[in-house]
Amino acid sequence: MLSGVPASPGTAVGPLARLAPAPVLPAERPEPGPDEHARAMAALDTVVSELEGRAAGLSGDLRDIMDTQVMMARDPALAAGVRAAVERGLPAAWAVHEAFDVHLEALSAVGGYLGERVGDLADLRDRAVAVLLGLPRPGPPSDDTPHVLAAVDLAPADTVVLDPARVLAIVTEKGGPTSHTAIVARALGIPAVVACPAVAAVAEGTRVIVDGGAGTVAVDPSDSEVARVRAAARERADDLAAHTGPGRTADGHPVALLLNVGGGDAGGAVDAEGVGLFRTEFLFLDRATAPSFDEQRAAYSAVFSAYPGRPVVVRTLDAGADKPLPFATAGDEPNPALGVRGYRIARRDPALLDTQLAAIAAAAAECRADVRVMAPMIATPAEAAAFAAAARGAGLAAVGVMVEIPAAALRAAAILAEVDFVSVGTNDLAQYTFAADRTLGELGDLLDPRQPALLSLVAAVASAGRAAGKPVGVCGTAAGDPGLAPVFAGMGVTSLSMPAALVPAVRAALRAHTLAECADLAAAAVR
């Protein structure tokens with residue numbers, strides 16, 4: 001039995017299969033030709049086109065992840081590095097490899113959010129080198145045999161095209177509970193375990209049982225154990241299918257089940273009560289200038305129109321840290337996770353926020369959705385008050401903020417006096433509470449949302465919400481955890497927002513307990 005970090009709930013049984021290896025530069029380096037720079041840039045363009053093709057039909061978390069990787073591939077500094085390497089006499093493949101390695105070394109030195117991008121950048125390098133050498137791109141197995149996919153880690157370009165009908169589960173040696181692999185696996189409903197280095201020793205073709213909720217991988221299980229797991233999975237699927245409709249406890253107490261979405265999501269066929277987190281970064285990534293008022297209004301209207309009569313909570317631009325923007329963020333911050341990100345960007349560029357709020361208000365006026373707006377990375381009541389004034393001045397009636405910083409949780413009552421609602425982002429709140437980089441797999445125990453210190457902060461925010469008579473939602477990874485749904489309900493959390501694939505399990509978990517039982521569970525969890 002191998003142990004890792006739980007990343008996406010569910011169980012699966014199947015043979016282990018591994019990613020195709022990355023290309024290796026030949027030992028003999030050829031003499032460069034006259035068009036090496038053109039070849040190198042053409043290869044990068046090919047990679048960008050392939051990534052954009054994979055991103056075209058995506059939305060939400062998946063689209064955000066792919067847009068960020070495309071933006072990295074188009075970095076002018078990277079292109080300049082390729083040109084410099086070619087001018088020193090390197091052939092195209094070697095020049096691309098060297099230019100990427102310079103950036104890889106820099107990101108590794110920075111660490112934190114940007115350090116996690118090392119794997120994404122290495123994947124871009126390998127894809128471009130494969131194009132130049134005429135080799136297959138690295139990636140998942142191409143045959144149709146259902147399998148458990150094992151890897152050191154998965155690049156965004158690989159994770160977003162995984163087919164749940166073929167990929168039964170995912171196990172990675174690296175990664176954390178909020179890594180790209182974990183995010184995508186949850187969005188697709190694929191069981192996943194990350195930070196499980198021992199899987200490297202398991203031979204391909206070996207049958208394994210993956211339990212994404214427990215974070216375990218059983219190697220070469222008996223037939224009777226496999227039969228037991230499969231029977232339990234069928235029973236679980238039947239149980240989930242029996243539950244539909246709004247979120248509520250066994251005795252009817254409502255807990256709204258909402259969706260985390262990005263650009264292009266449509267909600268007509270989704271059995272959820274609205275949107276608890278509409279990320280707007282998709283509009284701002286991969287461009288040199290901010291989108292115009294008209295661009296933003298059209299994009300927001302398209303999403304609002306998909307949820308008529310339902311609430312849609314829009315988060316204003318959450319740039320910075322792992323989402324740098326050339327027109328909004330500085331590239332020289334020593335610690336971007338603690339720098340100018342989220343709402344703090346308005347300090348530097350108030351017009352950026354003002355234009356976005358105006359576009360959201362204009363789009364809301366055109367649609368029948370119940371549009372609400374909230375700001376990320378709020379630290380003080382004064383910031384909450386300033387954002388509320390700006391949003392209401394733009395014509396938006398329902399205004400809230402994210403609680404992602406311990407200071408905001410500790411001052412939740414004062415913050416709620418300034419706004420209409422709050423939403424707890426458990427991923428960042430855990431990171432800042434435990435001083436633990438949320439992308440670092442080896443600190444997964446500290447980032448576990450069941451940590452009592454984190455739950456105590458959520459409970460304090462929920463208590464402040466009850467006292468003020470205002471809604472308190474949760475929209476981090478923990479919101480989609482069926483084991484925590486009754487705990488949050490017992491604290492007084494009024495809504496949970498998650499990827500669509502997780503809604504059925506959370507709904508079933510809530511309906512298994514009365515509100516009094518949920519309160520007992522909440523008290524026990526905090527203890």
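In what follows, every heavy atom counts, from backbone to side chain, and hydrogens, waters and symmetry copies are set aside.
A donor-acceptor pair is defined here as one N or O able to donate and one able to accept, closer than 3.5 Å; no such pair exists between the side chain of Gln451 and the backbone of Ala430.
A donor and an acceptor atom, one from each side chain of Glu366 and Tyr300, are nowhere located under 3.5 Å apart. A side-chain donor from one of Gln431 and Asp428 sits under 3.5 Å from a side-chain acceptor of the other. Donor-acceptor pairing under 3.5 Å is lacking for the side chains of Thr172 and Asp153. There is a side-chain donor-acceptor pair under 3.5 Å between Asn260 and Ser497. Under the 3.5 Å distance criterion, with hydrogens and angles disregarded, no donor-acceptor pair is assigned to the side chains of Thr355 and Gln296.
The nearest pair of heavy atoms linking Glu173 to Val199 is CG-CG1, 3.7 Å. Residues Ala412 and Ala464 come closest through the heavy atom pair CB-CB, 3.9 Å.
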Validation: residues 226-234 side-chain donor-acceptor distances under 3.5 Å, sequence neighbours left out:
from   : atom 1 : to     : atom 2 : distance (Å)
Arg228 : NE     : Glu225 : OE1    : 3.3
Arg228 : NH2    : Glu225 : OE2    : 2.8

Without placing hydrogens or testing angles, list every side-chain donor-acceptor pair under 3.5 Å for residues 466-476, not counting sequence neighbours.
from   : atom 1 : to     : atom 2 : distance (Å)
Arg466 : NH1    : Met491 : O      : 2.1
Lys470 : NZ     : Leu416 : O      : 2.5
Lys470 : NZ     : Val419 : O      : 2.7

Distance-only donor-acceptor pairs under 3.5 Å for side chains of residues 392-409, two or more places apart:
from   : atom 1 : to     : atom 2 : distance (Å)
Arg392 : NH1    : Glu418 : O      : 3.3
Arg392 : NH2    : Asp420 : OD1    : 3.2
Arg392 : NH2    : Asp420 : OD2    : 3.1
Glu404 : OE1    : Met377 : N      : 2.6

Please tabulate, one pair per line, all N/O donor-acceptor pairs under 3.5 Å involving side-chain atoms of residues 514-527, not counting sequence neighbours.
from   : atom 1 : to     : atom 2 : distance (Å)
Thr514 : OG1    : Glu517 : N      : 3.2
Glu517 : OE1    : Thr514 : N      : 2.9

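Taking CD of Gln356 as the start and OG1 of Thr280 as the end, the distance is 4.0 Å to the nearest 0.5 Å. Taking CG from Leu16 and CG from Leu168, the interatomic distance works out to 11.0 Å, rounded to the nearest 0.5 Å. The CG atom of Leu149 lies 9.0 Å from the CD1 atom of Ile190; values are rounded to the nearest 0.5 Å. For the atom pair CZ (Arg186) and CG (Leu502), the distance works out to 7.5 Å, reported to the nearest 0.5 Å.
Thr216 is linked by a side chain to side chain donor-acceptor pair (under 3.5 Å) to nothing, counting only residues two or more places apart in sequence or in another chain. Legend: residues meeting salt bridge (charged side-chain N to carboxylate O under 4.0 Å, His left out) with Asp239, ordered by chain and number and at least two apart, are Arg236.
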Trace of the side chain to side chain contact (heavy atoms under 4.5 Å, CB included) decision for Glu273 with Leu258 = CA-CA 5 Å; Glu273 297 162 68; Leu258 308 173; 4.1 Å; yes
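Using a 4.0 Å cut-off between charged nitrogen and carboxylate oxygen, Arg347 and Glu383 count as a salt-bridge pair.
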